[in-house]
**Q** 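Before we start, here is the structure in question, set down as structure tokens.
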2 protein chains.
Amino acid sequence: MMDGGQMANVKKEAKLNTLCYQCLGILLREPQSGYDIVKQLEPIRPVNTSQVYPTLTRLEKQGLVKSEELAQTGRPNKRVYTVTEDGRDVLTDWIGTEPDPPVLRDDFLTMLYSAWTKDPEEVVAMLERRLDYLHATMQWLETLLGEHRARYPEEIKNPRDWRFFRNVLLARRIANFQEEAVWSRGVIHMLKEAMSHD
Amino acid sequence: MMDGGQMANVKKEAKLNTLCYQCLGILLREPQSGYDIVKQLEPIRPVNTSQVYPTLTRLEKQGLVKSEELAQTGRPNKRVYTVTEDGRDVLTDWIGTEPDPPVLRDDFLTMLYSAWTKDPEEVVAMLERRLDYLHATMQWLETLLGEHRARYPEEIKNPRDWRFFRNVLLARRIANFQEEAVWSRGVIHMLKEAMSHD
DNA sequence: GAATCCATGTAATTGGTTACATGATTCA
DNA sequence: TGAATCATGTAACCAATTACATGGATTC
């Protein structure tokens with residue numbers, strides 16, 4: 001309050017990376033520890049503790065989050081982080097700005113890129129294993145989505161509640177995997193067609 | 001030929017990253033320069049020259065590619081790289097191994113994750129701008145795919161030709177964008193529904 | 001006259017992964 | 001008895017981006 005002008009400066013100087021905004025977003029839903037964040041972030045963006053802990057320390061130094069030690073019995077103490085007013089402002093100022101184009105890193109597709117050097121049968125086998133992976137991941141995501149919808153049947157309809165966006169973002173990922181499964185089956189079909197003409 | 005045993009060792013020691021395999025794959029299609037690789041890689045995986053040039057130097061030191069200077073008139077000389085036998089072996093040995101799970105980096109989705117802090121109208125505006133981006137990118141990819149299919153109508157049917165895989169991989173990216181566009185319109189619809197009930 | 005294309009690189013910095021260190025509790 | 005979960009961190013390394021440097025040819 002007293003040094004509002006200085007705080008505004010801090011806000012403008014801060015150039016944060018994606019992980020910072022992801023941490024702020026997750027902590028705004030509910031205050032929690034670095035360990036919790038890593039687990040919550042797993043379905044969206046796998047990240048290591050060795051990256052999260054220093055990030056939280058940095059955010060605290062910048063005054064965007066604050067923390068307090070929470071004593072626990074039978075397990076190690078927790079350091080629980082909460083988003084400050086400044087942190088919330090930095091996050092909401094960022095939302096709506098022009099994002100960088102999305103980037104997909106997928107070694108499987110890199111392999112397919114040069115799969116013309118392989119026997120078509122081998123490529124079919126690769127795609128079939130990929131389908132197994134896609135189905136397994138989809139089932140996991142569908143379980144998460146089902147639980148979410150069962151637990152918050154009303155909140156997921158309210159765009160002012162974070163559960164609305166968790167609902168649609170989970171649905172999007174599932175649709176994405178579904179679409180890749182359809183495509184994979186199409187490519188398998190094309191490969192088998194071509195093989196039958198030899 | 002003389003030191004085949006040593007070469008086999010080199011092959012096994014080499015632990016390459018994704019970019020290395022992408023460079024080997026692109027050079028196996030056709031020998032070309034670092035500059036060419038950056039441009040060819042653009043629709044799949046945007047990468048800087050400052051990462052590609054050192055990578056090619058490293059691959060050459062490992063004997064996986066070889067290069068020769070190509071004199072040009074009216075423009076700078078080119079260093080054209082070609083994949084060696086060892087390089088081809090390293091690449092084909094890698095294809096078919098278990099790939100790391102794919103990772104999507106997308107700041108737009110990170111923004112949506114915390115978009116419950118914003119007015120639903122603002123979120124609708126964000127999604128509509130996203131649709132513009134999606135349509136523009138799709139049109140670009142569809143142009144590339146159309147040209148490819150027109151130029152190689154026979155080759156794209158042959159799974160022993162790299163053009164087959166370029167065809168299906170481009171189609172996959174387009175389907176992906178298409179699917180996200182459908183999803184975006186769905187979310188816009190849900191937001192407008194919720195807004196009308198206030 | 002300014003911007004873009006062609007062409008190759010180095011240096012500095014940030015982002016991200018892997019390995020290491022510690023230690024109690026719970027479950028198979 | 002060994003593995004997994006909870007919990008926090010540091011150190012070393014590899015991956016990737018940004019900035020810098022150079023310079024002729026072409027296009028607007």
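Computation of the quantities below employed the complete heavy-atom set of this structure, encompassing side-chain atoms and omitting hydrogens, waters and symmetry-equivalent molecules.
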**Q** Distance check needed: dT8(C) P versus K39(B) NZ, whole Å only.
**A** 11 Å

**Q** Do W116(A) and L28(B) have side-chain heavy atoms sitting under 4.5 Å apart?
**A** yes

**Q** Expressed as a whole number of angstroms, how long is the span from K78(B):NZ to dC5(C):P?
**A** 16 Å

**Q** Using whole Å, what does the distance between atom P of nucleotide dA7(D) and atom CG of L56(A) come to?
**A** 14 Å

**Q** When you check the gap from the basic side-chain N to the acidic O, do E180(B) and R130(B) get nearer than 4.0 Å?
**A** yes

**Q** To the nearest angstrom, how far is N77(A) atom CG from dT25(C) atom C1'?
**A**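 Between C1' of dT25(C) and CG of N77(A): 14 Å.
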
**Q** Looking at five pairs on each end of the helix from dG1(C)-dC28(D) to dA28(C)-dT1(D), what is the angle between the two axes, given to 10 degrees?
**A** 50°

**Q** Could you check how far CD of E42(B) sits from P of dC6(C), rounded to whole Å?
**A** 11 Å

**Q** If you compare every side-chain N and O of Y35(B) against the phosphate oxygens of dC6(C) (OP1, OP2), does one of them come in below 4.0 Å?
**A** yes

**Q** Is the phosphate of dC6(D), meaning OP1 or OP2, less than 4.0 Å from a side-chain N or O of Q72(A)?
**A** no

**Q** Could E98(B) and R129(A) be called an ion pair, given the rule that one side-chain N must be under 4.0 Å from one carboxylate O?
**A**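 So E98(B) pairs with R129(A) through a salt bridge.
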
**Q** N17(A) side chain N/O closer than 4.0 Å to the phosphate oxygens (OP1, OP2) of dG15(C)?
**A**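 Yes, N17(A) has a side-chain N/O under 4.0 Å of OP1/OP2 on dG15(C).
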
**Q** How is R45(B) classified with respect to the nucleic acid when contacts are heavy atoms under 4.0 Å: base, sugar-phosphate, or nothing?
**A** sugar-phosphate

**Q** Measure the distance from CD on Q40(A) to P on dA7(D) and round it to the nearest whole Å.
**A**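 The distance from CD of Q40(A) to P of dA7(D) comes to 13 Å, rounded to the nearest Å.
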
**Q** Round to the nearest Å and state the distance from Q32(A) atom CD to dA7(D) atom P.
**A** 11 Å

**Q** Kindly check if the number of other-residue, nucleotide or ligand heavy atoms within 6.0 Å of CD (E69(B)) is above 12?
**A**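 Above 12, so yes.
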
**Q** Could you go through L145(A) and N167(A), starting from their C-alpha distance and side-chain angles, then the distance that decides it, and tell me whether this counts as side-chain contact (heavy atoms from CB on, under 4.5 Å)?
**A** CA-CA 7 Å; L145(A) 182 58; N167(A) 183 46; 3.3 Å; yes

**Q** Rounding to a whole Å, what distance do you find between I37(B):CD1 and dC6(C):P?
**A**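 Checked: the CD1 to P distance equals 15 Å.
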
**Q** With nearest nucleotides of DNA chain C determined for Y53(B) and R105(B) from heavy-atom distances, which residue corresponds to the more 5′ nucleotide?
**A** Y53(B)

**Q** Between protein and nucleotides 18-24 of chain D, map the contacts as a letter string: B base, S sugar-phosphate only, - none, heavy atoms under 4.0 Å, written 5' to 3'.
**A** BB---B-

**Q** Can you measure from CZ (R29(A)) to CZ (R163(A)) and round to the nearest 0.5 angstrom?
**A** 9.0 Å

**Q** Would you give the length of the straight line joining atom CZ of F177(B) to atom CZ of R172(B), rounded to the nearest 0.5 angstrom?
**A** 10.5 Å

**Q** Evaluate the ring planes of H148(B) and W162(B), with Trp represented by its six-membered ring, and classify them as parallel (under 30°), tilted (30 to 60°) or perpendicular (over 60°).
**A** tilted

**Q** What distance separates D36(B) CG from E30(B) CD, expressed to the nearest 0.5 Å?
**A**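 Taking CG in D36(B) and CD in E30(B), the distance rounds to 8.5 Å.
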
